[in-house]
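Every chain is numbered from 1 and lettered A, B, ... according to where its sequence line falls, protein lines coming before strand lines.
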Amino acid sequence: MSVDTSKDAQVAEREDLITVTIDGIEVSVPKGTLAIRAAETVGIDIPRFCDHPLLDPVGACRQCMVEIPDAGNGRGMPKPQASCTIECAPGMVIQTHHTSEKAKKAQEGMLEMLLINHPLDCPICDKGGECPLQNQAMTHGPGESRFGGVKRTYPKPINISAVVLLDRERCVLCARCTRFSEQISGDPFIALVERGALQQVGTYEQDPYDSYFSGNVIQICPVGALTSVAYRFQARPFDLVSVTTTCEHCASGCELRSDQRHFQVKRRLAGNKPEVNEEWNCDKGRFAFVSARGEDRLTRPLVRRNGVLEPASWPEAIDVAVEGLRRAGDRVGVLPGGRLTLEAAYAYSRFTRQVLGTNNIDFRSRPLSAEEGEFLATRVAGRSLEDSVQYADLENAKRVVLVDFEPEDESPIVFLRLRKAHRKRKLEVITLAPYLSRGSLKVNARLVPTVPGTSAQVLGSLHHEGLLDSETVILVGERAGLSAGTLTTAASLADQTGAKLAWIPRRAGDMGAVEAGCLPTVLPGGRPVQDASARVDVQSVWNAGSLPAAVGLDAEAMVEAAGHGELQALVLGGLEAKDFRDPQAVRRAMDKVGFLVVLETRLSESAQHADVVFPVGLIEEHAGTFVNWEHRRGRVNTVVRHAVPPMTDIRVLAALADAMESALGFRGSAAALAEIDELGRWEGNPGPLLGAREQQPGVGEGDLVLSTWRGLLDSSAGMDNEFALQATAPRPVARVSPATAQQLGLQAGAEVSVVGPRGQLVLPLETVEGMCDAVVWVPQNSGASVGGALGAVGGDRVRLVGGAA
Amino acid sequence: MNGIDTLTPVLTANWGEDHAWKLENYERRGGYQALRKAVGMAPDDIVAEVKASNLRGRGGAGFPTGMKWSFLPKDNPNPTYLVVNADESEPGTCKDMPLMMASPHTLVEGVIISAMATRAVYAFIYVRGEVLHVIRRLQQAVREAYAAGYIGKDILGSGRDLEVVVHPGAGAYICGEETALLDSLEGRRGQPRLRPPFPAVAGLYASPTVINNVESIASVPGIIGNGQAWFNAMGTEKSKGHGIFSLSGHVKTPGQFEAPLGITLRQLIDLGGGMREGHELKFFTPGGSSTPILTAEHLDLPLDFEGMAGVGSMLGTRALQVFDDTTSVVRTTLRWVEFYKHESCGKCTPCREGSWWLVQLLRKFEAGTASEGDVDKMLDLCDNIGGKSFCALADGAVACVTSAVKHFREEFEAGYKTPAWELFPYEKSALFSTESQASAAQKEGAHA
């Protein structure tokens with residue numbers, strides 16, 4: 001269901017309520033309400049197939065027929081009407097199958113006709129057991145078919161993409177999937193073709209249905225026509241145990257329904273959360289949940305003995321870890337990564353401060369800047385949902401300005417909401433980017449051509465044009481931290497103009513980590529490390545003596561310090577070296593640091609470097625909370641319940657604290673969350689954002705400025721083992737403007753090398769009209785990572801040459 | 001005769017002349033004089049004249065043309081479009097094609113005047129794709145009209161502009177449904193649109209659009225040239241003016257007869273030289289296969305909107321398909337329903353699935369293999385289809401079935417035991433064919 005997202009909606013609705021009578025029950029509904037929706041409000045369920053509350057009405061299946069003896073003008077409608085296309089009128093009288101024989105007969109007739117060409121393969125159909133056609137045939141059908149003829153048949157199934165299969169003979173041609181792809185995601189790569197009973201869903205010959213949101217069509221298909229390659233024949237719906245949870249992939253914060261059988265998640269569906277993801281999610285959230293099902297799943301602690309990692313008992317591993325950490329004293333750094341729940345991040349935060357006695361903690365396992373750290377401490381940490389920008393604000397804004405942020409790739413539900421607002425309310429979207437991405441085109445964004453690193457100046461000129469005002473929302477992505485002065489400028493322009501400002505990170509755990517104080521300058525709740533009263537707050541809740549007062553090292557500084565032996569131990573959560581600005585420096589740090597403790601689910605690169613590895617549970621094996629970009633909490637629930645629950649980050653840290661004769665204070669997420677809430681938000685002044693300390697301008701040599709971001713579907717470790725999904729990822733290319741290609745003597749389609757200080761990426765070249773000249777874009781992590789292959793980040797200078805250099 | 005002149009050739013008057021389709025020949029007969037008159041009239045006055053003429057839509061539904069024009073919003077910032085529905089493709093219906101073939105300028109002149117009335121600066125003639133000759137004639141006529149200054153910028157110094165586009169469709173009956181036509185014209189697949197919004201408000205390219213049948217538009221020059229009173233003098237009380245009656249089937253000389261509305265089939269059959277020698281009228285369609293069939297008892301009813309509605313049928317497109325006593329009504333109905341099954345666009349369930357089922361049922365009746373009770377089952381199926389589909393296509397598909405059963409139920413019941421070809425040997429109803437029953441049976445599979 002959708003909700004009216006305008007804040008004054010309730011007041012506004014009161015004024016234009018109209019009253020209709022449905023099966024003798026009077027009901028008042030807002031003007032414009034469809035009869036089928038009005039019936040739902042009084043608990044009358046009219047059968048339907050094509051109708052979907054989030055799609056435009058189409059009236060194709062004709063299943064929801066009702067009789068209208070009075071259209072509100074005293075005259076009846078002579079024919080039964082499809083209630084999904086009839087708007088309520090004041091005084092209208094509607095009779096459904098409960099009170100009208102005509103309506104009942106029409107509905108039964110329709111179901112009988114829908115079934116004449118539908119195969120009776122329910123026993124082997126994935127949808128059987130949760131199928132609207134099956135269910136409604138039972139509740140609203142005639143019971144028996146009078147059809148004795150020949151059914152239409154097709155070869156089955158056929159692929160409409162790598163992840164979606166189509167059984168054409170099961171299709172009832174309701175056009176939900178085609179309307180979804182056209183209206184909601186804006187990827188109209190499926191359409192109805194042919195006519196009559198041979199009408200079918202088809203794709204263009206050259207273009208499969210590659211969409212970041214294609215899995216939604218499987219979920220909204222009211223029959224078993226569209227099925228998932230990954231889930232096909234995996235389970236029957238009645239054997240599944242469903243749990244509502246929150247997606248772990250990005251900061252959009254989708255509610256999910258996760259279905260498990262035999263202690264294994266079999267599939268995930270979009271949950272129903274009108275405030276956030278409505279009823280949609282992206283394909284990554286839907287399909288990417290098998291990354292830990294490879295050979296590399298960790299199930300036992302590992303300890304390095306004579307240079308070799310070997311399985312060890314928990315007590316041994318804890319003792320070895322404690323010994324190493326004790327030796328390091330406070331010359332230790334903690335990098336928990338951005339994928340933790342709020343509670344786990346909080347455990348790392350408390351463990352670092354109280355047990356290890358340092359502020360060397362930073363969740364940012366990616367390129368970062370000091371300006372960003374300051375921005376997070378003063379503008380993000382310690383906020384709540386109420387004082388933040390929300391999805392509803394995006395929907396109701398006059399204008400949204402995207403700064404170093406590609407919603408479709410970096411927060412896909414934000415993209416869907418922008419597209420909805422563009423479609424329904426003509427929302428104006430302005431994007432500060434080097435070119436119009438596919439996502440930007442789908443929200444009809446206006447491109448303000450922006451060379452990476454210059455967003456601050458461009459934002460200033462937008463302000464001069466008068467485009468920032470109180471009805472504007474500025475969304476800055478996490479890449480903005482690399483563009484000197486951008487975050488500071490955005491904050492000060494938002495203050496000046498009354499525009500709303502939100503920072504949208506990429507990872508699901510990022511916002512929780514900020515809240516939990518996984519930053520060298522911030523304690524939980526947005527408390528500044530350097531503020532004595534803030535520390536006292538925390539000390540009293542933690543029953544701790546004094547907490548370290550000195551600002552800690554940020555992630556890049558920790559990597560640097562560990563590489564030079566200044567830090568003697570590192571504690572790592574789930575992170576990958578290749579995500580950092582300088583992956584080689586991270587590898588060097590992991591090699592050189594005296595002692596490395598890793599908490600991981602898989603034998604990752606960092607685990608392979610570790611002295612002690614603690615295996616922790618998968619996201620479906622424990623509970624917790626994700627905080628999305630709105631600062632909204634989403635509950636993570638245990639989907640797979642083992643008789644012996646696996647260890648979690650919190651339990652490992654608690655065990656380490658115990659062994660170090662300190663105390664973490666909690667061993668589970670519920671107690672952690674209670675403590676987070678007890679501590680609450682910092683009520684003092686977070687201090688001003690001084691900002692714009694001169695950053696290094698783009699480094700490196702070359703004529704072109706590098707632009708890069710991560711595609712939603714790329715070589716992310718979270719997508720491992722999900723081969724069908726991987727196959728739908730966009731093909732990696734290098735993009736330049738036609739003029740730049742011409743200047744360099746390069747042809748579109750040819751293989752080119754993007755050359756950075758450390759190496760090169762070889763990709764086919766694509767030219768993009770309207771793109772900034774002298775900029776080259778490459779995907780950040782498709783195949784090789786940009787940091788690893790080039791040794792450069794967005795805004796740095798690189799060269800572009802033909803062929804493999 | 002009720003004071004009705006038997007024939008009133010207006011649209012058809014020049015059909016027999018040499019090269020009637022050429023501009024010079026059309027002008028020689030007074031062509032484009034009505035346009036010259038219209039150029040001096042205010043648009044609202046043209047609308048008022050057409051309104052006063054009581055011209056009703058000639059595409060079948062009979063909606064007053066002038067009233068349709070007056071629904072166009074005046075304050076819409078988008079341009080207004082005039083669209084001519086020339087997608088004539090119903091079995092039996094064959095009036096617009098010969099009109100456009102013989103005298104395309106009659107339509108073109110009507111388009112220009114109607115565009116002036118509706119303030120449209122773009123007009124589209126959407127022609128059925130298969131009729132290549134007609135399309136060429138139309139295109140040639142439009143070219144001639146451009147060259148003569150009747151179309152283009154500043155028409156006849158009036159300061160008014162008009163562009164006319166002849167747009168061939170791709171051959172789909174559904175594109176005669178006005179909103180499907182608009183989808184097709186916009187380059188999409190022709191399927192009917194949800195209403196509201198109605199085309200008058202948001203039609204072609206979401207702009208105000210008026211869509212009229214060829215014959216309606218072609219009647220406009222006559223009305224403007226001769227005045228509404230002239231038009232009102234023809235026809236019956238509520239069905240005014242002249243219309244083309246297309247007589248086909250088992251008559252001696254089938255053809256087009258332009259007469260005032262209200263003429264009877266008996267008069268038309270007389271004009272057609274009577275029924276085939278030695279045979280009597282069994283049943284007929286008053287206006288194409290989507291209009292419920294009538295029988296000999298309706299021979300003397302006035303063929304006007306009210307007369308036909310009064311007996312549960314429709315005037316439709318005045319396509320009088322006449323069948324004599326050699327004809328199997330079961331077989332005829334099957335052929336019609338096969339057409340509707342083939343032409344169903346597939347958008348809505350009852351039309352798509354229902355026509356699929358109906359064809360299978362009717363084949364059983366034809367083969368004499370239907371089961372006891374199948375007639376009632378078929379009628380019930382028709383009830384589940386009719387009035388429940390998205391557009392009127394399915395209503396037309398079931399109208400021929402229900403009316404056939406109404407008048408000839410025993411012939412269907414005979415299909416429980418006896419094949420239709422035994423009761424009514426097919427070669428006897430054929431006018432020209434010498435084909436054997438075997439090859440007829442083969443042909444049956446052609447549209448399976």
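For the pair B:Arg189 (side chain) and A:Leu192 (backbone), a donor-acceptor distance under 3.5 Å is present. In terms of modelled atom types and a separation under 3.5 Å, the side chain of B:Trp356 and the main chain of A:Val150 share a donor-acceptor contact. Side chain of A:Arg195 to backbone of B:His342: a donor-acceptor contact under 3.5 angstrom is found. At distances below 3.5 Å, not a single donor-acceptor pair connects side-chain atoms of B:Lys388 with backbone N or O atoms of A:Ala106.
Here A:Arg146 is the residue among A:Gln81, A:Lys79, A:Gln63, A:Arg146 with the most heavy-atom pairs under 4.5 Å with chain B. Contact tally against chain A (heavy-atom pairs below 4.5 Å) for B:Leu361, B:Asp380, B:Ile174: the top residue is B:Asp380. Options B:Gln191, B:Lys347, B:Lys364 differ in how many heavy-atom pairs under 4.5 Å they form with chain A, and the most are formed by B:Lys347. Of the listed residues (A:Met65, A:Lys105, A:Glu87), the one with the most heavy-atom contacts under 4.5 Å to chain B is A:Lys105.
Of the two parts of B:Ser355, neither the backbone nor the side chain holds a non-hydrogen atom closer than 4.5 Å to a non-hydrogen atom of chain A. Only the side chain of B:Asp395 comes within contact range of chain A, judged by heavy atoms closer than 4.5 Å. Residue A:Pro78: no heavy atom, backbone or side chain, is found under 4.5 Å from chain B. Of the atoms belonging to A:Met113, heavy atoms from both backbone and side chain fall under 4.5 Å from chain B. Of the atoms belonging to A:Glu108, not a single heavy atom falls under 4.5 Å from chain B.
B:Asn384 places none of its side-chain heavy atoms less than 4.5 Å from the side chain of A:Met110. Taking 4.5 Å as the limit, every side-chain heavy atom of A:Thr85 sits out of range of all side-chain heavy atoms of B:Arg195. Taking 4.5 Å as the limit, every side-chain heavy atom of A:Glu112 sits out of range of all side-chain heavy atoms of B:Leu381. Using a 4.5 Å cut-off on side-chain heavy atoms (C-beta onward), B:Arg352 and A:Asn117 make no contact.
With a 6.0 Å radius and a threshold of 12 heavy atoms from other residues, nucleotides or ligands, B:Arg188 has its CZ atom at or below the threshold. Residue-environment remark: NZ (A:Lys31) stays at or below the threshold of 12 foreign heavy atoms within 6.0 Å. Other residues, nucleotides and ligands contribute only 12 or fewer heavy atoms inside 6.0 Å of the NZ atom of B:Lys238. Summarising the local packing, NZ of A:Lys156 is surrounded by more than 12 heavy atoms from other residues, nucleotides or ligands at distances under 6.0 Å. Dense packing is recorded around NZ of A:Lys127, with more than 12 heavy atoms of other residues, nucleotides or ligands lying under 6.0 Å away. Around atom OH of A:Tyr204, no more than 12 heavy atoms belonging to other residues, nucleotides or ligands sit under 6.0 Å away. Within a 6.0 Å radius of NZ in B:Lys377, more than 12 heavy atoms belonging to other residues, nucleotides or ligands are found.
A:Val58 approaches B:Leu194 most closely through the heavy-atom pair O-CD1, 4.0 Å.
Rounding to the nearest 0.5 Å gives a distance of 13.0 Å between CD1 of B:Ile385 and CZ of A:Arg62.
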